[in-house]
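Contents: one structure, followed by commentary.
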Number of protein chains: 2
Amino acid sequence: MKKKVYIVDDHALFSQSLSVLINHFEEYEVTFQGQNGRDLIFRLQDNTHEAPDIILLDLNMPVMNGVETMDWVMKNHPSIPVLVLSMQDDANLILEMIKKGVKGYLLKDITPTLLKKALDDTLNFGFYHTEKVTKALINSLHQNKPHMYEIKDKEMTFLKLACTEKTYKEIADEMHMSPKTIDGYRESLFEKLEVKSRVGLVLYAIKNNIYRL
Amino acid sequence: MKKKVYIVDDHALFSQSLSVLINHFEEYEVTFQGQNGRDLIFRLQDNTHEAPDIILLDLNMPVMNGVETMDWVMKNHPSIPVLVLSMQDDANLILEMIKKGVKGYLLKDITPTLLKKALDDTLNFGFYHTEKVTKALINSLHQNKPHMYEIKDKEMTFLKLACTEKTYKEIADEMHMSPKTIDGYRESLFEKLEVKSRVGLVLYAIKNNIYRL
DNA sequence: ACAGGAAAGGGGATTTTTCCCCTTTTTAAT
DNA sequence: ATTAAAAAGGGGAAAAATCCCCTTTCCTGT
């Protein structure tokens, strides 16, 4: 019996190509391709379909992104292993996803051979991590950065608006708050995200897919 | 005789998957995969290899990006048709690439069937354009925006530095110029790019791959 | 009911950004 | 060589962003 793989990625050409590739692996077959987290949820909730043995999840999706999707999967189908397949090579993001319980974090520039190994290892041993990821993990422990920050809802709203050409005053109006409060969110985010200018906020937001171009 | 396809994309998993997919099309075979423009140039310059019938080119590559690569191909191998395969759905970028002579601009969310049609059409009729692209073209003619002034070298350097947390004063130091000159570049770019704040510059630079995260 | 903490908001100063209008220097074409 | 345009640089001011320290308001747990 072949192992069933679900692919969730908004780039149809990629996921279809990847399907073909994976179907060439003797032991695997792709039984579902979704464009975003919502597609995956509908599929998993519809139990006329057999659950997959593993999920390959992209992070950067327009509708329901990988982070949110992962939360849902862990809550509702914690036994299905998830491998992230992303273009973003960001240590913090990797750590965040691993904390959320993904079984591996693969960059889209890996070779098919490694992808195969990642699938095999995940099913056999429960996880697959590249050296890079391992290194990132060790690093994070080393520099015991307690950067256990949490971006609040309002701060998140502000952060998104900061990625526009609006002035803080205009943002304050839009959020129906005092410019001083907005300034507080800014200050707070500067500290949490370790940046020192609005440009830093924008870069953070884009890198972490909080603001989509 | 199968048509030879070259794929240039920095995401190995994508290009390898895509290869497998394309090799499934009866009339095509992928005879080369490069990670960036430089790889492609080396390959094309080495004439022990037969030239391809068509090139699939990604835009967003770290080493030598699609825009530069396209310039080189048009200059040195103008007869080889190039199809852009990008994730960036940006009207101005599409126009720029078409001006440079690409035979089609495909988004990575197309279906394999459409990709096949794009390859066929390009070889048979010389080009393949989706409705979206056609519409963008017509639009651009319609609103005869004389917009596309060119960004000068110094301005480009400044633009990249503006995407950091440096102040303009610091940027001036780094570029060994007066802050007033830097201010001139800023002003000039604001007008050319139709933005009105530094955030606008950053967004433009990222959207157009001038600054890479 | 109330203490403690977080969220909201303020005062005020400094720095940076943005804008407008102007002069000098460099470059390129005739 | 002459000249016109482009590039570099300047003065000065208003607007926006940044910073620091403080008060009020709103929750929340006991």
Side-chain angles (χ1 to χ4, degrees), chain A residues 92 96 145-208 210-213, chain B residues 92 96 99 145-208 210-211 213:
Chain A
N92 283 336
E96 187 188 341
K145 216 192 257 170
H147 85 320
M148 232 343 212
Y149 58 75
E150 171 196 6
I151 300 176
K152 302 296 166 60
D153 270 14
K154 292 278 179 60
E155 286 171 355
M156 189 60 89
T157 307
F158 162 71
L159 183 49
K160 284 173 184 165
L161 289 168
C163 299
T164 67
E165 295 206 66
K166 292 176 169 69
T167 66
Y168 290 151
K169 164 114 185 34
E170 288 166 344
I171 293 176
D173 285 349
E174 196 163 326
M175 291 179 67
H176 306 293
M177 317 213 90
S178 153
K180 277 302 181 179
T181 307
I182 295 301
D183 194 46
Y185 296 154
R186 181 194 54 73
E187 194 84 55
S188 158
L189 283 175
F190 273 25
E191 204 177 326
K192 291 178 184 172
L193 311 182
E194 295 177 73
V195 301
K196 51 185 199 295
S197 72
R198 185 164 173 178
V199 171
L201 289 183
V202 174
L203 295 178
Y204 179 93
I206 294 176
K207 272 184 195 146
N208 293 278
I210 288 164
Y211 179 79
R212 292 178 188 78
L213 295 173
Chain B
N92 283 336
E96 188 188 342
K99 273 187 204 144
K145 220 195 253 171
H147 69 309
M148 261 307 167
Y149 293 98
E150 74 174 312
I151 300 176
K152 300 297 165 60
D153 270 14
K154 293 279 180 58
E155 286 171 355
M156 188 61 88
T157 307
F158 162 72
L159 182 50
K160 284 174 184 165
L161 289 168
C163 298
T164 67
E165 295 205 63
K166 292 175 169 68
T167 66
Y168 290 150
K169 164 116 185 32
E170 289 166 343
I171 293 176
D173 285 349
E174 196 162 327
M175 291 180 67
H176 306 293
M177 315 211 93
S178 154
K180 277 302 180 179
T181 308
I182 296 301
D183 194 47
Y185 296 155
R186 183 196 53 72
E187 194 83 54
S188 157
L189 283 175
F190 273 24
E191 204 176 326
K192 289 179 185 172
L193 311 182
E194 295 177 74
V195 302
K196 51 186 198 293
S197 73
R198 187 164 170 177
V199 171
L201 290 182
V202 174
L203 295 178
Y204 179 93
I206 294 175
K207 272 185 196 146
N208 293 277
I210 289 164
Y211 179 79
L213 295 172

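Letters A, B, ... mirror the listed sequences (proteins, then strands); counts begin at 1.
You'll find the side chain of B/V199 stays beyond 4.5 Å of the side chain of A/L201, heavy atoms only. Taking 4.5 Å as the limit, some side-chain heavy atom of B/I206 sits within range of a side-chain heavy atom of A/L203.
For A/Y185, a side-chain nitrogen or oxygen approaches OP1 or OP2 of C/dA8 to under 4.0 Å.
Annotation for B/E191: atom CD does not count as buried by contact number, only 12 or fewer foreign heavy atoms lying within 6.0 Å.
What separates NZ of A/K152 from P of C/dA8 is a distance of 9 Å, to the nearest Å. A/D153 has its CG atom 17 Å from the P atom of C/dA6, to the nearest Å. Residue A/H176 contributes atom NE2, which lies 14 Å from atom P of C/dA8 at whole-angstrom precision. Atoms CG (B/D173) and P (D/dG9) sit 12 Å apart, rounded to a whole Å. Computed from coordinates, the A/I151 CD1 to C/dA6 P distance equals 18 Å when rounded to whole Å. Taking atom CD of residue A/E150 and atom P of nucleotide C/dG5, one finds them 18 Å apart after rounding to whole Å. Protein atom CE of A/M175 is 14 Å distant from nucleotide atom C1' of C/dG9, rounded to whole Å. Atoms CZ (A/F158) and P (C/dA7) sit 16 Å apart, rounded to a whole Å.
Sequence neighbours left out, the pairs with a member in residues 177-186 of chain A that pass side chain to side chain donor-acceptor pair (under 3.5 Å) are A/D183-A/R186. For residues 154-166 of chain B, the pairs satisfying side chain to side chain donor-acceptor pair (under 3.5 Å) are A/S197-B/E165, B/E155-B/S188, B/E155-B/K192, with sequence neighbours left out.
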Take nucleotides 10-22 of chain D nucleotide by nucleotide from the 5' end and write B, S or -, depending on whether a protein heavy atom sits under 4.0 Å from the base, only from the sugar-phosphate, or from neither.
BBB---SSBB---
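Heavy-atom minimum distance, A/R198 versus A/F190: N-CZ, 3.8 Å.
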